[in-house]
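What you see is a predicted model, and the numbers here were worked out from it, not measured in a lab. Here is how names work: the chains are called A, B, and so on, in the same order as the sequence lines, proteins then strands, and each is numbered from 1.
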Number of protein chains: 2
Amino acid sequence: MAETASPEQARTLSAAVLRDLRDDIVNCRLRPGDKLRFSDLKARYGVGLSPLREALQHLAAEGLVDAQDQRGFTVAAMSVDDLQDLVRMRLEIESLTLTDALSCGDDAWESEVVRSAHHLRLTGPATEQAGPDAAAEWCRRHKNFHMTLLSGSSSPRLRNLCDALFDQSERYRLWLILHGTVARDVEGEHDTLMDAALARDTARATALLKQHIQQTADEVADLTATQAALAAA
Amino acid sequence: MAETASPEQARTLSAAVLRDLRDDIVNCRLRPGDKLRFSDLKARYGVGLSPLREALQHLAAEGLVDAQDQRGFTVAAMSVDDLQDLVRMRLEIESLTLTDALSCGDDAWESEVVRSAHHLRLTGPATEQAGPDAAAEWCRRHKNFHMTLLSGSSSPRLRNLCDALFDQSERYRLWLILHGTVARDVEGEHDTLMDAALARDTARATALLKQHIQQTADEVADLTATQAALAAA
DNA sequence: TCCGGCAAGATTTTCGAAATATTGGAAAAT
DNA sequence: ATTTTCCAATATTTCGAAAATCTTGCCGGA
């Protein structure tokens with residue numbers, strides 16, 4: 001379990017474990033709230049304590065794990081409140097970054113956007129039918145498309161922040177998929193978003209992106225409302 | 001050197017070293033670009049490798065140190081470009097957070113704001129005359145005032161982010177002080193900012209805060225321009 | 001003189017064991 | 001019955017040595 005999650009090879013065990021741990025948390029193979037015992041992690045990743053502790057400290061700073069002195073580490077919890085906080089930040093930060101990307105992005109950026117959009121389209125329709133491998137591949141391409149779009153920005157801090165916030169959001173999107181919420185017309189949303197971006201239509205692009213982000217929050221709200229209704233009945 | 005930097009005591013060596021390292025970097029006792037050799041750090045902080053590496057990984061995720069696989073860690077560099085990126089983010093993020101604080105802050109928050117403002121005023125006029133200890137104390141109270149103002153916000157992520165960005169800015173402010181730039185009427189700026197905040201005048205408060213942040217960037221720009229002129233002559 | 005390769009030294013990274021702290025439960029006391 | 005205390009089991013944290021990797025300076029050859 002948990003072999004190389006992304007093709008880039010790490011030059012240290014610490015970096016490799018960081019990558020694998022983040023991937024396992026983002027994809028809920030390590031579930032929210034789980035206690036991260038070193039004996040378990042050692043066996044799971046086949047490394048010693050030093051690289052594990054370093055990776056966990058890094059993830060603690062990123063917000064994907066909680067650290068408590070002398071009491072170890074746990075996977076960061078998920079909650080409706082947390083999702084609202086997360087979505088609020090993404091709405092503001094990603095709009096800002098996208099605006100910057102539209103004013104800074106050059107020809108190479110445009111081409112990369114087109115490439116990543118096409119790459120994503122190629123796995124699109126098969127999401128439901130194909131196995132978990134195909135779903136994982138779609139997630140990778142989906143993230144790549146969004147990050148490529150934002151990569152035109154000239155601010156390293158904004159780009160990093162968007163990346164971290166996207167990872168945190170992935171757990172909530174996965175939760176929706178696991179509970180059978182049928183995706184809306186995501187394909188179309190990506191296409192129109194890309195069109196607005198390439199046309200440098202800032203107002204339209206940010207509006208579309210905000211809508212795209214907000215809908216995850218709304219769907220989770222619907223789902224929890226439905227579950228509450230079911231529980232009451 | 002580098003004993004307890006802040007009163008809160010850490011329950012692990014890792015946390016203590018993280019606190020001290022961050023403090024030493026923010027206050028430029030470890031200078032931008034410096035290589036952080038483990039042999040040096042071991043002697044400086046009197047701890048083994050494990051807590052050091054954990055603290056460095058944490059700071060790498062925060063952005064105060066750069067990590068390169070198999071080639072150790074360095075203090076994050078400073079540059080005019082970096083300052084512009086930093087200021088741009090602070091302008092947006094802190095405005096957002098302050099807006100939220102003004103709409104969420106309760107009585108306890110208001111009282112804390114008044115307390116921290118008064119606490120800051122008490123060290124104000126002595127900044128120039130008194131020694132480095134007094135200057136360090138003013139920095140602590142200054143940060144405490146700004147963070148208290150923003151602490152009314154309901155978003156943990158925004159509050160954390162503001163804290164990290166403030167720390168990163170401190171190095172640039174210190175750089176200005178070291179190069180003898182006389183501070184403008186900072187006292188007055190803090191007072192008017194607090195007044196606007198307590199009056200829940202969002203537009204005025206965010207405008208004042210943005211001005212406050214922007215001026216550091218402008219002063220650095222002036223200073224580098226002056227230095228360039230001197231170098232040319 | 002300049003360039004590539006190689007060996008010696010320095011530095012980072014990793015592991016296994018020792019030290020320290022927490023937790024759960026049984027026994028004693030209220 | 002409830003609370004308190006103690007002890008053993010479990011888990012985390014830290015250190016020091018060993019392994020892996022990088023850097024530096026030297027040497028021989030073009």
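For B:D66, the salt bridge (Lys or Arg N to Asp or Glu O under 4.0 Å) test picks out no residue, with sequence neighbours left out. Taking B:H146 as the reference, B:H142, B:F166, B:H190, B:H212 meet the ring pair (Phe, Tyr, Trp, His ring centres under 6.0 Å) condition, with sequence neighbours excluded. Taking A:R171 as the reference, nothing meets the salt bridge (Lys or Arg N to Asp or Glu O under 4.0 Å) condition, with sequence neighbours excluded. Here A:D34 pairs with A:R31, A:V75 under the side chain to side chain contact (heavy atoms under 4.5 Å, CB included) rule; sequence neighbours left out. Listed by chain and number, the residues in a ring pair (Phe, Tyr, Trp, His ring centres under 6.0 Å) with B:Y172 amount to none (sequence neighbours excluded). Residues passing the side chain to side chain contact (heavy atoms under 4.5 Å, CB included) test with A:L41 are A:L36, A:Y45, A:L52, A:L56, sequence neighbours excluded. Applying the salt bridge (Lys or Arg N to Asp or Glu O under 4.0 Å) criterion to B:E110, with sequence neighbours excluded, gives B:R200. With sequence neighbours excluded, the residues forming a ring pair (Phe, Tyr, Trp, His ring centres under 6.0 Å) with A:H179 are A:W175, listed by chain and number. Not counting sequence neighbours, the partners of B:R157 by the salt bridge (Lys or Arg N to Asp or Glu O under 4.0 Å) test are A:D82, A:D85.
Near DNA chain D, defined here as any heavy-atom distance below 4.0 Å, the residues from residues 47-58 of chain B are B:V47, B:G48, B:L49, B:S50, B:P51, listed numerically. Residues from residues 30-39 of chain B with heavy atoms under 4.0 angstrom of DNA chain C, sorted by number: B:K35, B:L36, B:R37, B:F38.
The 5' end of DNA chain C is approached more closely, in terms of each residue's nearest nucleotide, by A:S14 than by the other of A:S14 and B:R11.
Using a 4.0 Å cut-off between charged side-chain N and carboxylate O, B:E137 and B:R141 make a salt bridge.
Using five terminal pairs a side, the axes of the helix from C:dT1-D:dA30 to C:dT30-D:dA1 at its two ends make an angle of 20°, given in steps of 10 degrees.
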